[in-house]
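Take a look at this one; I'll ask things after.
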Amino acid sequence: MKTYPLLIPKPILLFISISGFAFSIIGAFFKISHWNLELFTPSFLLSISVIFSLISIFIVLIDLIKNPIKNKILWFVPLLFVGNLVAIIYLINREAHLRRALR
């Protein structure tokens, strides 16, 4: 079976995913605390986090569809509900899952 590379290199995609997760935590904290810095308003931070999260989720979904990974449904469902956190975990463990699928 053939495996396909990620559309974006793994280190860059992992950075985007972790940044999206961090922006969502910081943006939620700013929103709860009612903090407004000049450029970094809570809605700006949350908008950036949504964009980064969607990029990483869609790239991981495409990678799951293209590659022969076992138990794909166990990745799809949590990816749709918990999204960015599952994308980070998948990217860290991607090579192990591809090796296991090729055995």
Side-chain angles (χ1 to χ4, degrees):
M1 270 187 233
K2 183 178 178 185
T3 60
Y4 297 94
L6 287 166
L7 296 176
I8 298 175
K10 181 182 171 182
I12 296 171
L13 190 58
L14 196 58
F15 175 76
I16 290 172
S17 297
I18 292 171
S19 298
F21 187 70
F23 277 130
S24 67
I25 297 295
I26 294 168
F29 179 72
F30 275 27
K31 192 121 179 129
I32 291 170
S33 301
H34 299 289
W35 287 356
N36 277 330
L37 301 176
E38 290 182 20
L39 178 63
F40 299 109
T41 62
S43 49
F44 174 74
L45 291 173
L46 291 173
S47 299
I48 295 296
S49 76
V50 166
I51 291 169
F52 283 0
S53 297
L54 287 177
I55 289 171
S56 63
I57 289 169
F58 284 133
I59 298 288
V60 168
L61 277 174
I62 291 170
D63 190 60
L64 278 170
I65 291 169
K66 287 170 69 174
N67 285 317
I69 301 219
K70 294 181 181 179
N71 299 326
K72 288 183 183 189
I73 195 73
L74 294 177
W75 286 105
F76 279 125
V77 174
L79 194 60
L80 296 176
F81 290 109
V82 187
N84 212 7
L85 192 60
V86 174
I88 293 169
I89 294 169
Y90 174 77
L91 288 171
I92 291 171
N93 296 321
R94 180 178 182 267
E95 284 80 20
H97 289 292
L98 288 176
R99 279 194 305 267
R100 191 177 310 134
L102 292 176
R103 278 194 249 167

Open item on the list: What's the separation between atom CD1 in Ile57 and atom CD1 in Ile62, rounded to the nearest 0.5 Å?
Closed with: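 Taking CD1 in Ile57 and CD1 in Ile62, the distance rounds to 12.0 Å.
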TODO: Please work out which of the three classes, parallel, tilted or perpendicular, describes the rings of His97 and Tyr90, given edges at 30° and 60°.
DONE: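 Geometry flag for His97 against Tyr90: parallel rings.
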Open item on the list: Any non-hydrogen side-chain atom of Trp35 less than 4.5 Å from a side-chain atom of Phe29?
Closed with: yes
Task: Leu46 backbone acceptor or donor facing Ser49 side chain under 3.5 Å - done: yes
TODO: Supply the atom-to-atom distance Leu98 CG to Tyr4 OH, rounded to the nearest 0.5 angstrom.
DONE: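 One gets 12.5 Å once the value is rounded to the nearest 0.5 Å.
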- [ ] Find the distance between CG (Leu102) and NZ (Lys2) and round it off to the nearest 0.5 Å.
- [x] 12.5 Å
- [ ] Check whether any side-chain heavy atom of Phe76 lies under 4.5 Å from a side-chain heavy atom of Ile65, and answer yes or no.
- [x]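 Sidechains of Ile65 and Phe76: in contact.
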Open item on the list: If you define the side chain from C-beta out and look only at heavy atoms, does anything of Ile89 sit under 4.5 Å from Trp75?
Closed with: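 SC-SC contact between Ile89 and Trp75 confirmed.
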TODO: Spell out, yes or no, whether Ile12 and Ile59 are grouped together once hydrophobic residues are joined by side-chain heavy atoms under 4.5 Å, including indirect joins.
DONE: yes
Task: same_hphob_cluster(Ile48, Phe15) at 4.5 Å side-chain heavy-atom cutoff - done: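 Ile48 and Phe15: separate clusters.
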TODO: Determine whether Leu91 and Leu6 make a side-chain contact, defined as any pair of heavy atoms from C-beta on separated by less than 4.5 Å.
DONE: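 The answer is yes; the side chains approach within 4.5 Å.
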Task: Nearest heavy-atom neighbours spanning Gly27 and Pro42 - done: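 Nearest heavy atoms, Gly27 then Pro42: O-CB, 3.9 Å.
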Open item on the list: Are Ile55 and Leu14 linked, directly or through intermediate hydrophobic residues, by side-chain heavy-atom contacts shorter than 4.5 Å (ILVMFWY only)?
Closed with: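 Yes, Leu14 connects to Ile55 through the hydrophobic network.
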Open item on the list: Nearest 0.5 Å, please: how far is OG in Ser17 from CD1 in Ile8?
Closed with: 9.0 Å
- [ ] Decide whether Leu54 and Leu64 are clustered together by the hydrophobic rule: side chain heavy atoms of Ile, Leu, Val, Met, Phe, Trp, Tyr closer than 4.5 Å, transitively.
- [x]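 In one cluster: yes.
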Open item on the list: Restricting to non-hydrogen atoms, name the atom on Asn67 and the atom on Lys72 that form the minimum distance, rounded to 0.1 Å.
Closed with: O-NZ, 2.9 Å
Open item on the list: With rounding to the nearest 0.5 angstrom, report the NZ to CG distance, Lys66 to Leu61.
Closed with: 13.0 Å
Open item on the list: Could you check whether any side-chain heavy atom of Arg94 comes within less than 4.5 Å of a side-chain heavy atom of Asp63, counting everything from C-beta outward?
Closed with: yes
TODO: Hey, could you give me the OG/CZ distance between Ser47 and Phe23, rounded to the nearest 0.5 Å?
DONE: 11.5 Å
Open item on the list: I'd like to know if Ile73 and Phe58 are part of one continuous hydrophobic network [Ile/Leu/Val/Met/Phe/Trp/Tyr, side-chain heavy atoms within less than 4.5 Å].
Closed with: yes
Task: Taking every non-hydrogen atom, the tightest pair across Thr41 and Leu37 - done: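 It is CG2-O, 3.8 Å.
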Open item on the list: A side-chain contact here means heavy atoms from C-beta on lying under 4.5 Å apart; do Asn84 and Ser24 qualify?
Closed with: no
